[in-house]
Amino acid sequence: MPRYNPAAIEPKWQAYWEQHQTFAAPRLPAGDGLYVLDMFPYPSGNGLHVGHPEGYTATDIVCRAARMQGKSVLHPMGFDSFGLPAEEHAIRTGVHPRIQTEKNISTFRRQLKMLGFSYDWGREIATTDVDYFRWTQWIFLQIYDTWFDPDEQRGRPISELPIPGAVAAQGPDAVCAYQDERRLAYQSEAPVNWCPALGTVLANEEVVDGRSERGGHPVVRMPLRQWMLRITAYADRLEQDLGGLDWHEGIKALQRNWIGRSTGAEADFYIGDKSSFDGWKSARGSGPFPAKLADDVLRIYTTRPDTLFGATYMVIAPEHPLVERLTTPDHRAAVEAYRQQAAAKSDLDRTELSQEKTGVFTGSYAINPVNGEAIPVWIADYVLISYGTGAIMAVPAHDERDFAFAQEYSIPIRPVVQPGDHIPREEAAKVLAGEQVYVESGVAINSGQFNGLRTQEFKERITAWLAQRGLGRQAVNYKLRDWLFSRQRFWGEPFPILHELDSAGKPTGRVRAVPEEQLPVDLPHLDDFKPHGRPEPPLDKAPEEWLYPVVEGKRYKRETNTMPQWAGSCWYYLRFLDPKNAQAPVDPAIEQAWMPVDLYIGGAEHAVLHLLYARFWHKVLYDRGVVSTPEPFQKLVNQGMILGENNEKMAKSRGNVVNPDDIVREYGADSLRLYEMFMGPLEAAKPWSMEGVNGVCNFLGRAWRMIIDDRSDRVQLNPAIGDWPPTDEDQRVIHRTIKSVTEDIAKLSFNTAIARMMEFTNHFTKQDRRPRVAMEQFVLLLSPFAPHIAEELWQSLGHDQTLAYEPWPQHDESLLAEATIELPVQVNGKLRGKIVVSTDADQGSILAAARAHPKVAEYTAGKAEVKAVVVPGRLVNIVVKG
RNA sequence: GCCGGAGUGGCGGAAUUGGCAGACGCGCUGGACUCAAAAUCCAGUUCUCGCAAGAGAGUGAGGGUUCGAGUCCCUCCUCCGGUACCA
């Protein structure tokens, strides 16, 4: 076998690793542990995409190098196997989604093994395994059993929730209701995104421009009972704890942006009769700012309390509870029509028509707490019920949207901020004339006793002023919404929740958790998977004995919603630690030993949702003592997208999809791995190139021929290899390569590491005396990148065991040094010549040699030397004048 | 609009963080080997002018700091990703 033949050597070594359990990780790390995790794939019917092996190869290199460096490495793989496509396939074919899912997993597993990744396959899990989702359900029950204590800023067992005496006095049902309102998992009737085409409700995040992210079907809003997870309670911690993570700043910014924390003030506008305003105001001054609102008050949220004096109208969302009360009889018809129109609007309409502001006047007025002025209350859909208080004070002079609205409806515009000096005079004049909007900071005008204050100080002063009088308070808001956690699908985790029924078979509204020891709640048998086109979930068609269990003599109906696909991926990194544990999701001793994940690599498409959801669950588990670290993923890296050869996103429709199977068949797995790492920086988007694959394949062939005699009929070493002592030049090449490759792997700079190894082969293929020791070191350096060929070469070099645990080569700094060094000499910054000096030459002799250089002398002749810069080891620059 | 990231040869990309721009690979050109081809090996390859020696220009554009800028600062342009009435 003289030629490099990946088709022969790759299956051989894959079988060897499997047979010898080479990459099985210990239960607990022996010495330094390293947990390296890939984002596990959704096993789609299309099989592996070339994007998958990019991140997987990167982590594999890190793991293989770390093992050789003596680390105890945990490197698992599994499958995120719940999801819509399998269910849609089942609807079309009538085949149970589990069958298709398992088929897809088999394909993925085969493809992953074909690429020679050093996973501990003994830990493989799939989120659809009943033994896995048993614990997903268990974690849901933990969340259900938790309330968030705002004082301690942490989740606590619901049994520790203090029950106010007034509630307790109303009996156990009231207590239950009080608790249920505060659980981290709660039910809500909120309007949801119902997609008739998919037959399901979607999360806000799954709706793009009013259409389903998957399939692009229209989505309408309708109210439906849903399970929600109170992720907003953790918003502050989710934002704060980003600080300690070793993540790219861009990804952190994405998450911060998504959480969208803003600080400002809430303020109450009196909507009772104007004559009673003074009485209301002084009554307010005697107590604290009320948490619960009376219905004579409109509460608003603003980030610009300094513009309170500029409020010329109010806006409430069409869904605001005070619409009824505020609408006067002569405006009722118009308001009703507007509300209906707004309700019918899809999100698409609301966003696409974003420039057009619409609204109606209610006929009522609210009184500005700072100046007692009565201003009209409008209804407009540019104010969202789901953010802040669902009501705003409108300051058209200093808010783009309010300005547009005021212009549309001829509402007065009153400037209260004098623009700063960076604004041109004529623009500032326009602002002061109410002809232009100005949203930045400045100095207060038209604001009574606050005139002359700068924006920042004014904000603080007015907030305090409001708080003192019981009229307002400082407030924080988030763009982040609670997580809509239920789906009307079959192929998802069932909720371990039972709804109590009365004797007539109607739900009483009381809910109980399935007892822990009765988990898992498996999916029932269904005769068919077709949706019925109504929002009720397919599980409503489950057999009676599944659907209506009896517990302690009471009849219940099971929850028929299922969990979203995100659920399984929220904690899989924990199960990998202890995948077969039947008593707990993970053994605490094991969890403490391995967590947190040291390196997590995956696509940037999960930068917000998956990572935020997983962090949220982790924090609840942390609060409940299940895990020991506040964050799950210490270091995160997002691999860049691999584009087609035409520089476009790979897509079937574009005909530019590259199939890993084809590449492996033609070039081998080592070439695929090496190419994907050589394309460019891991995090950058890069176009595929078949010629590039061919290039790295040639390199492997060169490396092969450097060591193997390719003219022989049997595998034997190239006759140039022998136990010769390395020359000084050889030593420099060897140690420079060891140093660079080692450092580059640590920096995840795989493309440059490969370039250094190419330089190594370029040097040694020119030598007809190749020291065996040099070849061995090289093979070890190459092995994390191209493990199959490396194992084969290692064996040819006379070793009879895997190199997976051979000590990693160490470089010797003293062997890198050269006796002389070539220094560039510049005159006035332009390169004019090069001198060769001894490495330890002093500045004076370097300068003398530089001046003596004929070319340099030519350019300095007859000119006055102004300055000479000597940077030892780098260059000389002589500055002349004249 | 806002928030991120990026613009370097024919192409993918390097460049100790302020010090020889273009490592390494692809492609291309020439050569060796061969009856010939494939494979392999060797040499060259930023652009412009020049037979050459050489000279000049050059990291999206323009300005600045510096002995010296792909790298730092200011202004702007283009592309990619995210987000979008969040008060």
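Every chain is numbered from 1, with letters handed out A, B, ... down the list of sequences. These figures come from a predicted structure and were not determined experimentally.
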>> Regarding Asp710(A) and Tyr4(A), do their side chains bring together a donor and an acceptor under 3.5 Å, going by distance alone?
In response: no
>> I want to check something: taking the side chain as every heavy atom from C-beta on, are Leu782(A) and Phe699(A) in contact at a cut-off of under 4.5 Å?
In response: yes
> How close or far is atom P of A43(B) from atom CG of Asn762(A), stated in whole angstroms?
Replying inline: 9 Å
> Salt bridge between Glu743(A) and Arg756(A), side-chain N to carboxylate O under 4.0 Å?
Replying inline: no
>> Would you say Asp482(A) and Thr232(A) are linked by a side-chain donor-acceptor pair, where the criterion is simply a distance under 3.5 Å?
In response: yes
>> Please report the distance, rounded to the nearest Å, between CG in Leu242(A) and P in G4(B).
In response: 15 Å
>> Please report the distance, rounded to the nearest Å, between CG in Asn257(A) and P in G82(B).
In response: 13 Å
> Given that both distances must come in under 3.5 Å, which nucleotide forms a Watson-Crick or G-U wobble pair with A84(B)?
Replying inline: none
> Does the pair Arg654(A)/Glu648(A) count as a salt bridge with the N-to-O cut at 4.0 Å?
Replying inline: yes
> Under 4.0 Å between a side-chain N/O of Ser689(A) and OP1 or OP2 of C11(B), yes or no?
Replying inline: no
> When you check every protein heavy atom under 4.0 Å of nucleotides 13-21 of chain B, what one-letter string (B, S, -) results, 5' to 3'?
Replying inline: SS-B--BB-
> Which sits closer to the 5' end of RNA chain B, Lys766(A) or Glu759(A), going by the nucleotide each is nearest to?
Replying inline: Glu759(A)
> Heavy atoms, side chains only, cut-off 4.5 Å: are Met706(A) and Asn718(A) in contact?
Replying inline: no
> Which residue, Arg702(A) or Ser386(A), contacts RNA chain B at a nucleotide closer to its 5' end, judged by nearest heavy atom?
Replying inline: Arg702(A)
> Within this structure, what is the NZ-to-P distance between Lys867(A) and C67(B), rounded to whole angstrom?
Replying inline: 5 Å
>> Does the structure show a Watson-Crick or G-U wobble partner for C26(B), both distances under 3.5 Å? Name it, or say none.
In response: G10(B)
> Nearest of U40(B), C67(B), A87(B) to any side-chain atom of Arg705(A)?
Replying inline: U40(B)
